[in-house]
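Have a look at the structure below, then the notes.
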Amino acid sequence: MARAGKPKLAVWKFTSCDGCQLSLLDCEDELLEIAGQVQIAKFVEASSAAIRGPYDLSLVEGSITTPDQAEQIRQVRRQSRALVTIGACATAGGIQALRNFRNVPEFIAAVYARPEYISTLSTSSAIADHVRVDFELRGCPINRHQLLEVIAAFINRRRPALPNYSVCMECKRRGTVCVMVAKKIPCLGPLTHSGCGAICPAYGRGCYGCYGPAQTVNAKALADAWEAAGASKIEMHRVLRSFNANAAEFRSAAETLDENG
Amino acid sequence: MQGERLGIGGAVVIQSGALDELIKVLAAEGYKVIGPTISDGAIVYDEIRQAAQLPIGWTDLQQAGSYQLQRRQDAAVFGFAVGPHSWKKFLHVPVLRLWRAQRQSDGSIGAATDPHPASKFAFIGVRSCELHAIAIQDQVLIGGTCKDPHYAARRDGVFMVAVNCTSAGGTCFCVSMGTGPRAEAGFDLALTELLDDGHHEFLVESASARGAEVIRQVANRPAQPHHRQAAAQASARAAAQMGRQLDTAGVRELLLGNLEHPRWDEVAARCLACGNCTMVCPTCFCTTVEDHSDLANGVAERVRTWDSCYTLEFSHLHGGSVRSSIRSRYRQWLTHKLATWWDQFGTSGCVGCGRCITWCPVGIDLTEEVSAIRNNQPRHGRPLFSVPSPQGKGEGEV
Ligand code: SF4
Ligand code: SF4
Ligand code: SF4
Ligand code: SF4
């Protein structure tokens, strides 16, 4: 494929823990290959030097929690041919989106001596709530193999091969014995987006929903099964209210549980 | 009394301790021996090297959405029903790289497929329903004009040691499906565990020359008529214990004539569309392919994985998924298993193993769904479309 120079990659950070960006540095073996194929134009975690835009691919980590960020993400979008969000914060608002269900001014008053110095929004929201997003890579944190797949797909202009069906599909393919059925351990796998490789059930734990909602979410049916397995609806509520609490399907599932006590 | 002699159709008796010899003889003949073993709180299929790895003295309690291991009072080796794995895990593998292509230094592209497994499998403990399931997958994957070479390579020369069930599991219904509990065909050796009054032995029936050849190398003695009788009684006991039943009379016409039945909405409210039932089903064969390329675009590969009609991509045509509702996806599963499989392949797609009932996280039971539709058919109106009988096959012959 003939290309005019190497594609320019930028990595941006909003409200987040940096864990997803670090997945890129974690790609030790592949990092040289990445550097050979793309020009890493902006990546503060790796280097303070920055090359000006526009960028061929922007990877965006973190959620929007301040008015400044809401403006900055528009600038990022304007400078980016393709914009991919990485991780639960950028894709669903992250754990910090728990604020969306509480009174933020009260928190600020309780925590800070001079609340007037704090400029923050009352919500933590996904990047897609602000600008057009070309692809959302799920996970808290993201899986580095999936990150490489996304980068390879975008620089080669093909579709990433990253299915959005349930974790159960991956769980069964790896031959794990279902923890719900055999151990009565509550598992969120049937509602959760695949991508992690079904790690938790393979270690005898239930899925926590790190990858957010799968393509089809029937939360009521799973809540009933959890109850039958001896888990309360409160436990299900807690698991839904974590990294992906503000993802539409998890949010409405938790609200439905609220309404039904 | 002389008793029976070895040979095709003949039978001998071996002591339970001789199972270890059988495993070792098969290994010495070059087979990769796979059998039931306990892992992660269930009886799964994995490579075994000695009889001690078999689930001796264990059984399983199975109900809709529930599986539990339990100690038995005796030392039965095969005193359990089928578990979460099926033999398709080895023959129609869950993830398979179909090919890998690489750009060469001279600019040309070289493609290679992964080699097929070097050694042939010997499966120990294959139940009658599973032999039927393997026969169904044979027909689907290598029975037509387009044969799957990967399945064919793994399937070729598998040495089958069947086990006749002497007790049935809580979700089993092979009797309804005409697939068990006694193995009739498709094996080299069939074991029936005979366990009473201090005796613990196996009746071993041989159905092939190599079966006879293998069992000849294991300490054995001729079978007597009372052994055959005891084995027949044990099979009858299992047949009388079926945890579930499915009335198959006209089931194809029943389902296809009730595509708008309210029961589909009712089951859709409970179904997660998680795909577990299709993954554990020993006859479900659907796959999808994923293409990957590396960063430098010098390497590309195509990977085949088990797929399920519960995913949206499965029915994605231009513009979206044809089966977007859970209702339509559950209906696709059930009608394929019990109705349209007849049109496609001339058999049922269900062998009554009960896995989809046990391993459904919410315990949806297809036998219950069918009987709900059967017992509550709308009194008025015609089927939405008429259901012609598939030519020369189908329920008419069951
Ligand atoms: S353990 Fe969880 S993810 Fe795995 S099949 Fe069971 S419900 Fe699904
Ligand atoms: S449909 Fe269910 S009972 Fe029938 S063969 Fe498949 S898993 Fe077994
Ligand atoms: S039931 Fe679904 S997954 Fe199974 S063979 Fe039929 S279409 Fe394929
Ligand atoms: S029937 Fe059960 S196992 Fe099958 S998709 Fe529905 S919830 Fe999952």
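Everything numeric here is computed off the predicted structure, so don't read it as measured data. Just so we're on the same page: letters track the sequence lines, and every chain starts at 1. Heavy-atom basis, side chains included; hydrogens, waters and symmetry copies ignored.
The contact list for residues 303-311 of chain B toward chain A, using heavy atoms and a distance under 4.5 Å, reads B/T305, B/W306, B/D307, B/S308, B/Y310, B/T311 by residue number. Residues of residues 273-292 of chain B lying within less than 4.5 angstrom of chain A, judged on heavy atoms, are B/A273, B/C274, B/G275, B/N276, B/M279, B/V280, B/E290, B/D291, B/H292 in numerical order. Contacts of residues 350-363 of chain B with chain A at a heavy-atom distance below 4.5 Å involve B/T358, B/W359, B/C360, B/P361, B/V362, listed in sequence order.
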Distance-only criterion, 3.5 Å: show the donor-acceptor pairs between side-chain atoms of residues 239-249 of chain A and protein atoms not counting sequence neighbours.
unit_1: A/S242; atom_1: OG; unit_2: A/V239; atom_2: O; d: 3.2
unit_1: A/N244; atom_1: ND2; unit_2: A/G209; atom_2: O; d: 3.0
unit_1: A/N244; atom_1: ND2; unit_2: A/C210; atom_2: O; d: 2.9
unit_1: A/N246; atom_1: OD1; unit_2: A/N100; atom_2: ND2; d: 3.3
unit_1: A/N246; atom_1: OD1; unit_2: A/R251; atom_2: NH1; d: 3.1

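The neighbour count for B/R49 CZ, taken as heavy atoms of other residues, nucleotides or ligands under 6.0 Å away, does not exceed 12. Counting non-hydrogen atoms of other residues, nucleotides and ligands closer than 6.0 Å to CZ of A/R238 gives a total of 12 or fewer.
In this structure, chain B has no heavy atom under 4.5 Å from any part of A/L162. Residue B/L69: no heavy atom, backbone or side chain, is found under 4.5 Å from chain A.
In this structure, A/E33 and B/D294 approach most closely via the heavy-atom pair OE2-OD2, 3.4 Å. Here the closest non-hydrogen pair linking A/N156 and B/S293 is ND2-OG, 3.6 Å. When all heavy atoms of A/G175 and B/H85 are compared, the pair lying nearest together is O-NE2, 2.9 Å. The minimum heavy-atom distance between B/S39 and A/V177, with the atom names listed, is O-CG2, 3.8 Å.
Judged by distance alone, the side chain of A/N218 and the main-chain N or O of B/C271 form a donor-acceptor pair under 3.5 Å. Panel note: side chain B/E313, backbone A/P163; no donor-acceptor pair is recorded below 3.5 Å.
Ranked by heavy-atom pairs under 4.5 Å with chain B, the first of A/E149, A/R159, A/K220, A/R174 is A/E149. Ranked by non-hydrogen atom pairs under 4.5 Å with chain B, the options A/A161, A/A214, A/A228, A/A225 are led by A/A161.
With values rounded to the nearest 0.5 angstrom, A/T216 atom OG1 is found 4.5 Å from B/L312 atom CG. Remark: B/L295 CG to A/C27 SG distance equals 9.0 Å, nearest 0.5 Å.
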